[in-house]
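Data first, discussion second: the structure below is written as structure tokens.
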Amino acid sequence: MRLGLALGYWGRGPDPRHLELARQAERFGYHSVWTAESWGSDAFTPLTWIAAHTSRVRLGTAVAQMAARTPTATAMHALTLDHLSGGRMMLGLGLSGPQVVEGWYGRPFPKSPLTATREYVDVIRQVLRREAPVRLDGRFHPHPYAGPDATGLGKPLKPIVHPLRPDLPLLLGAEGPKNIAQTVRIADGWLPLYWSPQRTELYEAALAEAPEGFMVAPMAQARVCVDVAEGLLPVKAMLGFYIGGMGHAARNFHADLMARMGYEEEARRVQELFLAGRRAEAVQTVPDAFADEISLVGPRERIAERLELWRKGPVTDLLVTAPDPETLRTLADLNS
């Protein structure tokens with residue numbers, strides 16, 4: 001199992017620790033560093049900055065949002081950064097949810113998310129292979145565009161730049177069972193949002209069809225500390241925000257995922273409290289047990305014991321969100 005550093009996206013501004021954490025991760029032998037985006041900082045610009053200050057560590061987006069760019073624009077970002085970094089780029093994509101897609105990007109959330117994702121991936125693959133001009137008779141991403149308001153002058157094109165790697169790794173963030181099954185069929189890897197090494201049976205059927213070399217790369221918050229309950233607070237805060245606030249009361253993929261993992265009553269209660277404006281109470285309502293099983297928190301000995309559970313399952317890459325070099329070093333030592 002390889003280690004990656006997941007830096008996420010910015011809060012109010014750039015985190016001054018991120019670049020040094022990325023450089024530390026490279027020195028400690030981490031395989032990859034990952035950036036993200038929501039409705040603030042983008043994923044590619046910080047990754048390019050990190051690329052310029054490192055030499056070996058792989059560079060991934062976890063995730064770049066599909067609604068933010070056309071598939072050809074995303075492919076341009078990926079092939080450009082792959083050239084500039086010497087072939088270190090890994091493209092992780094996610095569809096997000098209706099609130100963000102329609103509220104921030106001003107785009108309709110696709111009525112058939114699986115089809116929209118499949119077409120998006122198809123176009124990117126065509127760009128990276130550069131075998132012929134991009135053509136797709138698609139519902140969501142037709143190339144050339146031929147809608148009712150089209151001029152009829154659209155011309156199939158292939159990239160001017162020759163991509164460095166036609167097989168640049170493409171991963172998908174997927175939560176629902178059908179989405180995960182499709183990810184196994186069309187992508188090079190899967191970026192699970194919440195992963196519990198105690199519940200790998202939930203994904204056995206889908207992952208049984210995965211091809212050789214398929215990446216399973218979940219994210220987990222990690223922190224070496226004495227007080228486990230205190231160390232879990234940032235995990236609970238993240239869960240409270242995602243489960244309570246990242247989606248509508250009637251359509252929240254994160255809450256649905258928590259429910260499928262055995263915490264349905266708690267997930268609905270967190271939603272209820274968060275949407276009622278009782279955010280602190282919502283965070284406290286997140287069960288410690290759930291926060292604990294999807295993270296690596298506590299003294300070194302406890303983390304060593306729990307890390308073994310992650311190593312025994314199908315995870316190929318553990319992407320850790322760690323606030324300090326000590327935690328990064330500890331995980332590297334324990335995983336060596």
Side-chain angles (χ1 to χ4, degrees), residues 9 36-45 61-82 89 91-163 166-188 190-191 246-248 250-253 256:
Y9 45 78
E37 60 189 11
S38 54
W39 52 90
S41 59
D42 77 282
F44 291 100
T45 308
T61 55
V63 295
Q65 297 195 353
M66 286 184 259
R69 306 164 189 86
T70 64
T72 46
T74 297
M76 289 166 64
H77 277 294
L79 71 86
T80 302
L81 184 48
D82 202 41
M89 176 69 193
L91 180 61
L93 301 170
L95 194 59
S96 193
Q99 281 196 326
V100 175
V101 172
E102 297 182 359
W104 179 249
Y105 294 113
R107 303 280 302 279
F109 188 78
K111 290 184 171 61
S112 299
L114 293 178
T115 302
T117 299
R118 189 165 58 250
E119 291 182 7
Y120 201 101
V121 170
D122 188 340
V123 172
I124 290 175
R125 298 284 202 199
Q126 289 189 52
V127 172
L128 295 176
R129 287 195 299 265
R130 202 181 178 273
E131 294 171 346
V134 176
R135 294 181 183 271
L136 181 67
D137 183 17
R139 176 180 174 186
F140 298 98
H141 301 290
H143 281 70
Y145 177 71
D149 55 344
T151 64
L153 302 176
K155 178 182 178 181
L157 299 168
K158 61 181 179 180
I160 297 170
V161 175
H162 290 236
D167 57 349
L168 184 152
L170 191 154
L171 300 88
L172 293 173
E175 296 180 34
K178 292 181 179 179
N179 202 348
I180 296 169
Q182 174 172 270
T183 296
V184 169
R185 294 194 301 271
I186 69 172
D188 302 304
W190 173 37
L191 294 160
M246 291 281 267
H248 190 269
R251 194 170 188 183
N252 184 313
F253 302 137
D256 293 344

[atom2] on [Y] to [atom1] on [X], rounded to 0.5 Å:
{"X": "Thr115", "Y": "Asp122", "atom1": "OG1", "atom2": "CG", "result": "12.0 Å"}
{"X": "Glu119", "Y": "His143", "atom1": "CD", "atom2": "NE2", "result": "10.0 Å"}
{"X": "Leu170", "Y": "Ile186", "atom1": "CG", "atom2": "CD1", "result": "8.0 Å"}
{"X": "Thr183", "Y": "Glu175", "atom1": "OG1", "atom2": "CD", "result": "10.5 Å"}
{"X": "Leu191", "Y": "Leu93", "atom1": "CG", "atom2": "CG", "result": "9.0 Å"}
{"X": "Met76", "Y": "Leu81", "atom1": "CE", "atom2": "CG", "result": "13.5 Å"}

**Prompt:** Given Thr80 and Val161, is the side-chain contact (heavy atoms from CB on, under 4.5 Å) satisfied, shown in steps?
**Reply:** CA-CA 8 Å; Thr80 302; Val161 175; over 6 Å; no
Look only at the side chain of [X] and the backbone of [Y], and say whether a donor-acceptor pair between them is shorter than 3.5 Å.
{"X": "Gln126", "Y": "Ala132", "result": "no"}
{"X": "Arg130", "Y": "Pro159", "result": "yes"}
{"X": "Thr61", "Y": "Gly92", "result": "yes"}
{"X": "Trp190", "Y": "Ala174", "result": "yes"}
{"X": "Glu37", "Y": "Asp42", "result": "no"}
{"X": "Glu102", "Y": "Phe109", "result": "yes"}

**Message:** Show, in sequence, the C-alpha distance, side-chain angles and deciding distance for Lys158 and Val127, and conclude whether the side-chain contact (heavy atoms from CB on, under 4.5 Å) test is met.
**Reply:** CA-CA 6 Å; Lys158 61 181 179 180; Val127 172; over 6 Å; no
**Ion pair Arg125/Asp188, N-O distance below 4.0 Å** =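 The answer is yes: the pair qualifies as a salt bridge.
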**Asked** More than 12 heavy atoms of other residues, nucleotides or ligands under 6.0 Å from CZ of Arg107: is that the case?
**Response**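 It does not: Arg107 CZ has 12 such atoms or fewer within range.
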**Request:** Give a yes or no on whether Asp137 atom CG has more than 12 heavy-atom contacts from other residues, nucleotides or ligands under 6.0 Å away.
**Result:**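 Open: at most 12 neighbouring heavy atoms sit under 6.0 Å from CG of Asp137.
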Non-hydrogen side-chain atoms of [X] and [Y] separated by less than 4.5 Å:
{"X": "Leu114", "Y": "Asn179", "value": "yes"}
{"X": "His141", "Y": "Arg118", "value": "no"}
{"X": "Tyr120", "Y": "Leu95", "value": "no"}
{"X": "Thr74", "Y": "Val123", "value": "no"}
{"X": "Phe140", "Y": "Ser112", "value": "yes"}
{"X": "Gln182", "Y": "Ile180", "value": "no"}

Mind listing the closest non-hydrogen atom pair of [X] and [Y] along with its distance?
{"X": "Gln65", "Y": "Arg69", "value": "O-NH1, 3.7 Å"}
{"X": "Gly154", "Y": "Pro156", "value": "O-CD, 4.1 Å"}
{"X": "Leu91", "Y": "Ala78", "value": "CD2-CB, 4.1 Å"}
{"X": "Tyr9", "Y": "Ala36", "value": "CB-O, 3.5 Å"}

**Message:** Parallel, tilted or perpendicular, judged at 30° and 60°: which one describes the rings of His77 and Phe44?
**Reply:**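 Plane angle under 30°, so parallel.
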**Prompt:** Going through the checks in order, is the side-chain contact (heavy atoms from CB on, under 4.5 Å) test met by Val134 and Leu157?
**Reply:** CA-CA 6 Å; Val134 176; Leu157 299 168; over 6 Å; no
